[in-house]
Amino acid sequence: MSKILITSALPYINGVKHLGNLAGSMLPADVYARAMRLMGHEVLYICATDEHGTPAELAAQAAGVDVGQYCTQMHEEQKAAGAQFKLTFDYFGRSSTPSNHALTQHFAHVLEENGLIEERVSQQVYSNADGRFLPDRYVEGTCPNCDFEKARGDQCDNCGKLLDPIDLINPYSSVSGSTDVEVRDTNHLYLKQSDMADKLRDWVNAAEGWPPLATSIALKWLDEGLRDRAITRDLKWGIPVTNKDGSVREGFEGKVFYVWFDAPIEYIAASQDWAAETGNDWESWWRTDNGKGDKDGEGVQYVQFMGKDNVAFHALSFPTTLIGSGEPWKLVDHIKAFNWVTWYGGKFSTSEKRGVFMDQALDIAPSDYWRWHLTANAPEGNDAAFTWEEFQASVNSDLANVLGNFVNRITKYCGGKFEGKVPAGGEPGEAEAWLVAELETRIPQLVSYYEAREFRKAMAETRAIWAAGNEYLTQAAPWTHYKTDVEQAAIGVRYGLNLVALFGVLAQPIIPDAADKILSAMNIPEDNRTWNFGDIANIVEALPIGHEISAPDVLFAKIEDTDVADWTERFGGGA
RNA sequence: GGUGGGGUAGCUCAGCUGGUUAGAGCGCAGGACUCAUAAUCCUGAGGUCGUGAGUUCAAGUCUCACUCUCACUACCA
């Protein structure tokens, strides 16, 4: 048993997340956390809302509420959505908490003491009408390259050219539409990532168990030459830039730290909040000194889950913060990066309302359906296409037919012929030997896929185990034997019931609601639901003779073609 | 523009350091069974592995060119 620290990239506060966000960080992290817990590991799974930045301020403004209130409200909504998807965070924090303020400021101080922070002046567009500096993206104007009139300050959507907002013709604020904008000097703190490039490269090269996606993105940035990054912004909402005594740093009134500086620090701060609320010790997870944490290679394994857009920040910027502090912080061991879930050829998009969002998803199907489909089709190697037809197919085939029907057929048969009790008798034969051999190869394989965080493969293996149950019943055919030899029928039923229990146990990380229904119907006590498989040959005889079971209600209602047609209409997918 | 992924059966995807007849699921066709949510099980059809060259005894797997597509490109997060 070991300690496994798990974090999902922090969902941004601005609105309910879509299924792409869920599938690319929170859901796989939860599946992994659950599996690791079942294997007996000590797990700390941390997530939080990322609450700072311009979009949060603007969204609050648009909603006509104070930004703090807005964030509180959205935090509660996201927390509720996560709970409805059965995400088992040990703690779901907020990046705007006092703990994160203090820790972020602490890091800035020690980084500056170590010579890794420098104050520089840059030019930024200021909007008089809005009374604020504008990020490049929020300045629009005519593209100097192609004359497109709604080019953004960072890139023209029409010709794709990268732009500097200063180059735009007739620039205006995309917030208010005002053309009363000007370029002003502004001073900011820069994190000297370039000084850390060699150390980071060594660290990335030494990393093991990262998907190629993560390593290649990190090395790409290093190869292109790591640039120093501004870690402050001209905003009111955020973490103030302070001196060590807590007073505001001179010249940094009206400025706060950049969200990307404070967001990863929130992983630690949220752990502190978790510890404070639960009486646990956060340092044993995050510090490598004093015999705590990762000392001597034992102890904590830290795994981060994120979409590919987050890799640079987690593989380079955040490590720069931690290593640069000179303090004994735990660095990530495994970065699990995902591609995108695509939606009928394009990306899910919050702003364009393309795709399905977490709250809508639960209106149309139970969380188990989504958990299964999105994990079995996780965008691990490539972007993964989401279609309603595929969703319907995997739910109906995998969940309803292969798993649900298996549970249903054998439990009902047991109820009808054996009074709902695990029957004794019968001699194991060819079918039983085949089944045991199947389990002996597949279960260890499944465990190793989980350990390697290969989600698609783990799901395929899980499904194969379920399918083996159906094949076993075909071979054992208790309904045939029952006519001539009840004992021979009994062993088929008994093995079948033990498989139901096993399937429930294996399903827990993925489809927790259905797993619980199965295990409850099988009368399996809570402490017998772990993944301590021991001798796999014993699994098929684990239930005591005479143990009472019941047939659960239909576990998975099928998705009808009419549902697909309806959803296609409502959500604009298809074609 | 630059960089990095991809382009493998009708669909969604596996294929590690090159090595016998290229795999899975879905879908499709045929068969079996009847305990079960018309579910399940078996068998089968179906691919010149984006295009064109090259290296090699041997390439989906390496090299080059071309093409299509997606992402990233540091002030959205």
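Throughout, protein chains are lettered first and strands after them, A, B, ... in sequence-line order, and every chain is numbered starting at 1. What you see is a predicted model; the values in this text were computed from it and never measured.
Nucleotide B:rG25 has B:rC11 as its partner under the Watson-Crick or G-U criteria, with both atom distances under 3.5 Å. Nucleotide B:rA53 has B:rU63 as its partner under the Watson-Crick or G-U criteria, with both atom distances under 3.5 Å.
With sequence neighbours left out, the salt bridge (charged side-chain N to carboxylate O under 4.0 Å, His left out) criterion links A:K421 to no other residue.
Side-chain polar atoms of A:K558 and A:N396 form no donor-acceptor pair below 3.5 angstrom.
Taking only side-chain atoms of A:K457, from C-beta outward, the nucleotide of B:rA77, B:rC76, B:rA14 with the closest atom is B:rA14. Among the nucleotides B:rC41, B:rU37, B:rA77, the one closest to the side chain of A:V554 is B:rU37.
Of the C1' atoms belonging to B:rU61 and B:rC49, the separation is 10 Å, rounded to the nearest Å.
Between the side chain of A:R227 and the base of B:rA74 there is at least one donor-acceptor pair of N/O atoms closer than 3.5 Å. One can find a donor-acceptor pair under 3.5 Å joining the base of B:rA36 and the side-chain atoms of A:N405. Looking at A:Q124, its side chain comes within 3.5 Å of the base of B:rC75 through a donor and an acceptor atom.
Ring geometry, A:F357 versus A:H18: the interplanar angle exceeds 60°, so the pair is classed perpendicular (tilted spans 30 to 60°).
In this structure, OH of A:Y413 is placed 17 Å from C1' of B:rA39, rounded to the nearest angstrom.
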Can you list, pair by pair, the side-chain donor-acceptor contacts under 3.5 Å of residues 402-410 of chain A, counting residues two or more places apart and other chains?
from   : atom 1 : to     : atom 2 : distance (Å)
A:R409 : NH1    : A:N470 : OD1    : 2.9

